Amino acid sequence: MSASRALFVAVFCYALSFSQLSTAYAVNDLVKIETAKKAGSDTVIATNNSRMPVMVTLQLSSSSNLASSRNWPVQVLLAGGQSMELVDVFAANRQFGYTYYYNSQFVQGDPRARHDAGVSYRIPFLADQAFQILQAADGPLFTHTTVATRYAVDINMPVGTAVVAARAGMVVEVVRQFADNGKAEAEFFDKANYVRVLHDDGSWADYVHLMQNSTQVQPGQRVEIGNVLALSGNSGFSTTPHLHFHVQVNQNGTIISLPFRFRNAHDGVFTPLYKTWLIPDPPNLSVSRAKTRKTLRECLPTGKAIDDAVIRCLAS
(Lines give C-alpha, C1' and ligand atoms only; values in the text may rest on other atoms or scores of the structure.)
Protein backbone atom coordinates (compact mmCIF):
# COMPACT_ATOMS: atom_id res chain seq x y z
CA MET A 1 0.00 0.00 0.00
CA SER A 2 1.38 3.41 -0.93
CA ALA A 3 1.66 6.28 1.52
CA SER A 4 -1.53 8.33 1.72
CA ARG A 5 -1.66 12.09 1.55
CA ALA A 6 -1.85 13.72 4.98
CA LEU A 7 -5.05 15.49 5.91
CA PHE A 8 -4.77 18.73 7.83
CA VAL A 9 -7.12 21.43 9.00
CA ALA A 10 -5.73 24.86 9.87
CA VAL A 11 -7.48 26.58 12.74
CA PHE A 12 -7.02 30.33 13.16
CA CYS A 13 -6.93 31.14 16.84
CA TYR A 14 -6.86 34.85 17.63
CA ALA A 15 -9.49 37.53 18.02
CA LEU A 16 -8.69 40.89 16.52
CA SER A 17 -10.68 43.63 18.11
CA PHE A 18 -14.00 45.43 18.67
CA SER A 19 -15.99 42.23 18.79
CA GLN A 20 -14.88 38.71 18.02
CA LEU A 21 -13.48 39.81 14.69
CA SER A 22 -11.84 37.34 12.39
CA THR A 23 -8.82 38.47 10.48
CA ALA A 24 -8.99 40.02 7.04
CA TYR A 25 -6.34 37.56 5.92
CA ALA A 26 -7.19 34.04 4.78
CA VAL A 27 -5.71 31.34 6.99
CA ASN A 28 -3.37 30.09 4.29
CA ASP A 29 -1.99 33.61 3.79
CA LEU A 30 -0.54 33.57 7.29
CA VAL A 31 0.79 30.05 7.83
CA LYS A 32 1.24 27.50 5.07
CA ILE A 33 1.49 23.81 5.92
CA GLU A 34 2.67 21.48 3.19
CA THR A 35 4.11 18.01 2.77
CA ALA A 36 7.24 17.21 0.79
CA LYS A 37 7.41 13.67 -0.55
CA LYS A 38 10.72 11.85 -0.23
CA ALA A 39 11.79 8.31 -0.97
CA GLY A 40 9.95 6.31 1.68
CA SER A 41 8.98 9.29 3.86
CA ASP A 42 7.09 12.57 4.08
CA THR A 43 8.31 15.85 5.58
CA VAL A 44 5.78 18.30 6.97
CA ILE A 45 6.89 21.90 6.46
CA ALA A 46 5.42 25.09 7.94
CA THR A 47 5.99 28.56 6.54
CA ASN A 48 5.08 31.68 8.50
CA ASN A 49 4.09 34.27 5.90
CA SER A 50 3.40 36.94 8.50
CA ARG A 51 5.86 39.19 10.33
CA MET A 52 4.54 38.03 13.70
CA PRO A 53 5.98 35.04 15.55
CA VAL A 54 3.60 32.09 15.33
CA MET A 55 3.25 28.98 17.47
CA VAL A 56 2.34 26.03 15.23
CA THR A 57 0.93 22.78 16.67
CA LEU A 58 0.40 19.54 14.76
CA GLN A 59 -1.91 17.02 16.43
CA LEU A 60 -1.99 13.47 15.07
CA SER A 61 -5.59 12.29 14.79
CA SER A 62 -5.08 8.80 13.35
CA SER A 63 -2.37 6.72 11.74
CA SER A 64 -1.30 3.24 10.78
CA ASN A 65 2.19 1.74 10.65
CA LEU A 66 3.64 5.20 11.33
CA ALA A 67 6.99 6.21 12.75
CA SER A 68 8.10 9.84 13.21
CA SER A 69 11.28 11.78 13.73
CA ARG A 70 9.81 13.44 16.81
CA ASN A 71 7.00 12.88 19.27
CA TRP A 72 3.47 14.11 18.65
CA PRO A 73 1.96 16.60 19.19
CA VAL A 74 4.58 18.61 17.34
CA GLN A 75 4.85 22.22 18.51
CA VAL A 76 7.23 24.80 17.03
CA LEU A 77 7.60 28.58 17.34
CA LEU A 78 8.28 30.22 13.97
CA ALA A 79 9.69 33.71 13.68
CA GLY A 80 8.18 36.12 11.19
CA GLY A 81 8.89 34.90 7.65
CA GLN A 82 10.51 31.66 8.85
CA SER A 83 10.05 28.27 7.14
CA MET A 84 10.88 25.06 8.98
CA GLU A 85 10.69 21.29 8.58
CA LEU A 86 8.52 20.20 11.50
CA VAL A 87 8.56 16.41 11.35
CA ASP A 88 9.52 13.47 9.14
CA VAL A 89 7.11 10.51 8.97
CA PHE A 90 7.75 7.07 7.52
CA ALA A 91 6.69 3.45 7.77
CA ALA A 92 7.41 1.72 11.07
CA ASN A 93 7.59 -1.57 9.16
CA ARG A 94 9.22 -0.80 5.83
CA GLN A 95 7.52 -3.80 4.22
CA PHE A 96 4.16 -2.01 4.37
CA GLY A 97 2.72 1.40 3.58
CA TYR A 98 1.62 3.92 6.16
CA THR A 99 -1.17 6.45 6.65
CA TYR A 100 -1.47 9.52 8.86
CA TYR A 101 -4.02 12.25 9.48
CA TYR A 102 -3.39 15.32 11.56
CA ASN A 103 -4.82 18.70 12.49
CA SER A 104 -2.85 21.93 12.31
CA GLN A 105 -3.36 24.88 14.63
CA PHE A 106 -1.48 28.11 14.99
CA VAL A 107 -1.59 31.11 17.28
CA GLN A 108 0.16 34.39 16.62
CA GLY A 109 2.54 35.82 19.20
CA ASP A 110 5.43 34.46 21.23
CA PRO A 111 4.06 32.70 24.35
CA ARG A 112 7.32 33.57 26.14
CA ALA A 113 6.59 37.30 25.83
CA ARG A 114 6.06 39.31 29.00
CA HIS A 115 4.45 42.73 28.74
CA ASP A 116 6.39 45.48 30.45
CA ALA A 117 4.00 46.57 33.19
CA GLY A 118 5.90 49.82 33.65
CA VAL A 119 5.14 51.06 30.15
CA SER A 120 2.52 53.75 29.58
CA TYR A 121 1.02 54.56 26.18
CA ARG A 122 0.72 57.87 24.38
CA ILE A 123 -2.79 59.06 23.55
CA PRO A 124 -3.14 57.44 20.08
CA PHE A 125 -4.43 60.39 18.06
CA LEU A 126 -3.64 63.95 17.00
CA ALA A 127 -6.39 66.51 17.47
CA ASP A 128 -7.08 69.91 18.96
CA GLN A 129 -9.84 68.55 21.18
CA ALA A 130 -10.54 65.72 23.58
CA PHE A 131 -12.47 62.59 22.64
CA GLN A 132 -14.56 60.45 24.97
CA ILE A 133 -14.04 56.77 25.76
CA LEU A 134 -17.16 54.87 24.71
CA GLN A 135 -16.17 51.47 26.10
CA ALA A 136 -13.56 50.45 28.67
CA ALA A 137 -12.96 47.63 31.13
CA ASP A 138 -14.58 49.44 34.08
CA GLY A 139 -17.86 50.14 32.29
CA PRO A 140 -20.59 48.18 30.50
CA LEU A 141 -18.96 45.74 28.06
CA PHE A 142 -21.17 45.93 25.01
CA THR A 143 -18.82 44.06 22.69
CA HIS A 144 -15.53 43.59 24.56
CA THR A 145 -16.67 40.34 26.13
CA THR A 146 -13.83 37.97 25.22
CA VAL A 147 -10.42 37.49 26.82
CA ALA A 148 -8.94 38.96 23.64
CA THR A 149 -10.81 42.26 24.03
CA ARG A 150 -11.53 42.57 27.78
CA TYR A 151 -9.25 45.60 28.35
CA ALA A 152 -9.72 47.27 24.96
CA VAL A 153 -10.98 50.84 24.67
CA ASP A 154 -13.23 52.41 22.07
CA ILE A 155 -12.60 56.12 21.57
CA ASN A 156 -15.31 58.26 19.99
CA MET A 157 -13.60 59.93 17.04
CA PRO A 158 -14.71 61.62 13.82
CA VAL A 159 -13.62 60.11 10.53
CA GLY A 160 -10.33 61.58 9.33
CA THR A 161 -8.58 62.02 12.69
CA ALA A 162 -4.84 61.27 12.57
CA VAL A 163 -4.10 58.03 14.47
CA VAL A 164 -0.55 57.80 15.87
CA ALA A 165 1.61 55.10 17.42
CA ALA A 166 1.04 54.92 21.17
CA ARG A 167 4.28 52.97 21.61
CA ALA A 168 7.31 52.25 19.44
CA GLY A 169 7.58 48.96 17.57
CA MET A 170 7.46 47.27 14.20
CA VAL A 171 4.44 47.31 11.94
CA VAL A 172 3.57 43.66 11.34
CA GLU A 173 0.10 43.76 9.77
CA VAL A 174 -1.83 46.32 7.75
CA VAL A 175 -5.38 45.99 6.38
CA ARG A 176 -6.61 48.99 4.43
CA GLN A 177 -9.05 47.96 1.70
CA PHE A 178 -12.46 48.06 3.40
CA ALA A 179 -15.01 50.86 3.01
CA ASP A 180 -16.04 53.18 5.86
CA ASN A 181 -19.57 51.81 5.98
CA GLY A 182 -19.39 49.93 9.25
CA LYS A 183 -22.43 48.34 10.81
CA ALA A 184 -23.07 46.21 13.89
CA GLU A 185 -23.86 43.19 11.75
CA ALA A 186 -22.09 39.84 11.54
CA GLU A 187 -21.07 40.30 7.90
CA PHE A 188 -18.84 43.23 8.96
CA PHE A 189 -16.79 41.24 11.53
CA ASP A 190 -13.91 40.73 9.09
CA LYS A 191 -14.10 44.10 7.31
CA ALA A 192 -12.21 46.38 9.68
CA ASN A 193 -9.09 48.20 8.49
CA TYR A 194 -6.33 48.07 11.08
CA VAL A 195 -2.63 48.45 11.83
CA ARG A 196 -0.83 46.07 14.17
CA VAL A 197 2.41 47.14 15.88
CA LEU A 198 4.63 44.55 17.58
CA HIS A 199 6.43 45.98 20.62
CA ASP A 200 9.94 45.09 21.74
CA ASP A 201 8.64 43.04 24.69
CA GLY A 202 6.60 40.76 22.41
CA SER A 203 3.21 42.35 23.09
CA TRP A 204 1.38 44.17 20.31
CA ALA A 205 -1.20 46.92 19.84
CA ASP A 206 -4.04 47.03 17.32
CA TYR A 207 -5.48 50.26 15.92
CA VAL A 208 -8.82 49.32 14.39
CA HIS A 209 -11.68 50.74 12.24
CA LEU A 210 -9.32 52.92 10.21
CA MET A 211 -10.29 54.88 7.11
CA GLN A 212 -10.07 53.04 3.82
CA ASN A 213 -6.66 53.40 2.09
CA SER A 214 -5.43 55.96 4.64
CA THR A 215 -2.59 53.89 6.08
CA GLN A 216 0.78 55.65 6.13
CA VAL A 217 2.94 52.67 7.15
CA GLN A 218 3.95 49.30 5.72
CA PRO A 219 4.63 45.88 7.31
CA GLY A 220 8.27 45.69 8.36
CA GLN A 221 8.51 49.42 9.07
CA ARG A 222 9.76 50.61 12.45
CA VAL A 223 7.57 53.31 14.03
CA GLU A 224 8.30 55.55 16.97
CA ILE A 225 5.89 57.03 19.49
CA GLY A 226 3.73 59.67 17.81
CA ASN A 227 4.36 58.57 14.20
CA VAL A 228 1.18 58.79 12.12
CA LEU A 229 -0.19 55.34 11.26
CA ALA A 230 -3.43 56.17 9.43
CA LEU A 231 -6.66 58.15 9.67
CA SER A 232 -9.56 57.05 11.83
CA GLY A 233 -12.63 55.72 10.08
CA ASN A 234 -15.73 53.60 10.48
CA SER A 235 -14.84 50.28 8.85
CA GLY A 236 -15.92 46.87 10.06
CA PHE A 237 -18.20 45.95 12.95
CA SER A 238 -19.02 49.42 14.24
CA THR A 239 -22.02 51.49 15.29
CA THR A 240 -20.30 54.89 15.07
CA PRO A 241 -16.95 56.29 13.88
CA HIS A 242 -14.36 55.47 16.53
CA LEU A 243 -10.91 54.06 17.21
CA HIS A 244 -10.59 50.68 18.87
CA PHE A 245 -7.27 50.22 20.70
CA HIS A 246 -5.97 47.29 22.68
CA VAL A 247 -2.74 45.61 23.79
CA GLN A 248 -2.46 41.83 23.48
CA VAL A 249 -0.11 38.89 24.10
CA ASN A 250 -0.12 35.16 23.46
CA GLN A 251 -0.58 33.61 26.89
CA ASN A 252 -0.09 29.85 26.80
CA GLY A 253 -1.67 29.59 23.37
CA THR A 254 -4.54 32.00 23.99
CA ILE A 255 -4.60 35.61 22.80
CA ILE A 256 -5.54 37.86 25.71
CA SER A 257 -5.90 41.61 26.08
CA LEU A 258 -3.94 43.33 28.81
CA PRO A 259 -4.70 46.25 31.12
CA PHE A 260 -2.62 49.27 30.14
CA ARG A 261 -2.18 52.93 31.06
CA PHE A 262 -2.26 56.06 28.93
CA ARG A 263 -0.25 59.19 29.58
CA ASN A 264 -0.45 62.83 28.57
CA ALA A 265 0.81 66.19 29.78
CA HIS A 266 -2.59 67.07 31.27
CA ASP A 267 -3.27 63.96 33.40
CA GLY A 268 0.08 62.21 33.68
CA VAL A 269 -0.15 58.40 33.71
CA PHE A 270 -3.66 57.01 34.14
CA THR A 271 -5.92 54.02 33.48
CA PRO A 272 -8.51 54.68 30.73
CA LEU A 273 -11.99 54.71 32.20
CA TYR A 274 -15.47 54.54 30.72
CA LYS A 275 -16.96 57.92 29.68
CA THR A 276 -13.79 59.85 30.53
CA TRP A 277 -12.09 62.16 28.03
CA LEU A 278 -8.70 61.70 26.41
CA ILE A 279 -6.80 64.93 25.88
CA PRO A 280 -3.99 64.57 23.33
CA ASP A 281 -0.62 66.26 23.63
CA PRO A 282 -0.36 69.19 23.56
CA PRO A 283 -3.68 69.85 25.34
CA ASN A 284 -4.38 73.09 23.51
CA LEU A 285 -8.09 73.27 24.19
CA SER A 286 -10.52 72.26 26.88
CA VAL A 287 -13.20 69.69 26.24
CA SER A 288 -15.98 72.27 26.32
CA ARG A 289 -14.27 74.89 24.14
CA ALA A 290 -12.75 72.77 21.41
CA LYS A 291 -12.56 74.68 18.14
CA THR A 292 -13.80 73.27 14.85
CA ARG A 293 -11.19 71.19 13.09
CA LYS A 294 -10.66 71.18 9.37
CA THR A 295 -12.62 68.45 7.68
CA LEU A 296 -11.29 65.70 5.45
CA ARG A 297 -13.10 67.33 2.52
CA GLU A 298 -11.17 70.57 3.12
CA CYS A 299 -7.81 68.82 3.46
CA LEU A 300 -8.25 66.22 0.73
CA PRO A 301 -9.25 67.64 -2.68
CA THR A 302 -10.92 65.24 -5.06
CA GLY A 303 -8.42 62.87 -6.62
CA LYS A 304 -5.58 63.75 -4.23
CA ALA A 305 -3.85 60.95 -2.37
CA ILE A 306 -3.56 61.02 1.42
CA ASP A 307 0.00 62.16 2.16
CA ASP A 308 1.93 64.01 4.88
CA ALA A 309 0.45 67.36 3.81
CA VAL A 310 -3.07 66.02 4.30
CA ILE A 311 -2.14 64.64 7.73
CA ARG A 312 -0.68 68.00 8.78
CA CYS A 313 -3.81 69.78 7.52
CA LEU A 314 -6.10 67.55 9.56
CA ALA A 315 -3.97 67.92 12.68
CA SER A 316 -3.68 71.71 12.41
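Computed from a predicted structure; not experimentally measured.
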Next item on the list: Can you sort out the partners of Q59 under side-chain contact (heavy atoms from CB on, under 4.5 Å), two or more places apart, ordered by chain and number?
Entry: P73
Next item on the list: Considering only Ile, Leu, Val, Met, Phe, Trp and Tyr, and joining two whenever side-chain heavy atoms are under 4.5 Å apart, list the other residues clustered with I45.
Entry: none
Note to self: Are F237 and L141 connected into the same hydrophobic cluster when the rule is that any two of I, L, V, M, F, W, Y join if their side-chain heavy atoms are below 4.5 Å apart?
What the structure shows: no
Check: Among all residues two or more places apart in sequence or in another chain, which pass the ring pair (Phe, Tyr, Trp, His ring centres under 6.0 Å) test with Y207?
Finding: F245
Notebook entry, point to check: Under the 4.5 Å side-chain heavy-atom rule for ILVMFWY, direct or indirect, which residues accompany I225?
Noted result: none
Notebook entry, point to check: For the hydrophobic clusters of this structure (ILVMFWY residues joined by side-chain heavy atoms under 4.5 Å, transitively), does one cluster hold both I279 and L134?
Noted result: no
Next item on the list: Using only heavy-atom distances, determine whether the side chains of T57 and Q75 contain a donor-acceptor pair under 3.5 Å.
Entry: yes
Notebook entry, point to check: Taking atom CG of N93 as the centre, does the number of heavy atoms from other residues, nucleotides or ligands within less than 6.0 Å exceed 12?
Noted result: yes
Checklist line | Taking every non-hydrogen atom, the tightest pair across N65 and F96 | finding: ND2-O, 3.4 Å
Next item on the list: Output, in order, the C-alpha distance, side-chain angles, deciding distance and verdict of side-chain hydrogen bond (donor to acceptor under 3.5 Å, both in side chains) for R196 and Q108.
Entry: CA-CA 12 Å; R196 172 166 291 172; Q108 286 190 299; 3.1 Å; yes
Check: Listed by chain and number, what are the ring pair (Phe, Tyr, Trp, His ring centres under 6.0 Å) partners of H115, not counting sequence neighbours?
Finding: none
Next item on the list: Dump the intermediate steps for side-chain hydrogen bond (donor to acceptor under 3.5 Å, both in side chains) on H266 and D281, then the final yes or no.
Entry: CA-CA 8 Å; H266 183 269; D281 289 326; over 6 Å; no
Check: Can you say whether the rings of H246 and H244 are parallel (under 30°), tilted (30 to 60°) or perpendicular (over 60°)?
Finding: perpendicular
Notebook entry, point to check: Around R94, counting heavy atoms of other residues, nucleotides and ligands shown, do more than 12 lie under 6.0 Å from its CZ?
Noted result: yes
Notebook entry, point to check: Which residues satisfy the ring pair (Phe, Tyr, Trp, His ring centres under 6.0 Å) test with Y151, sequence neighbours excluded?
Noted result: none
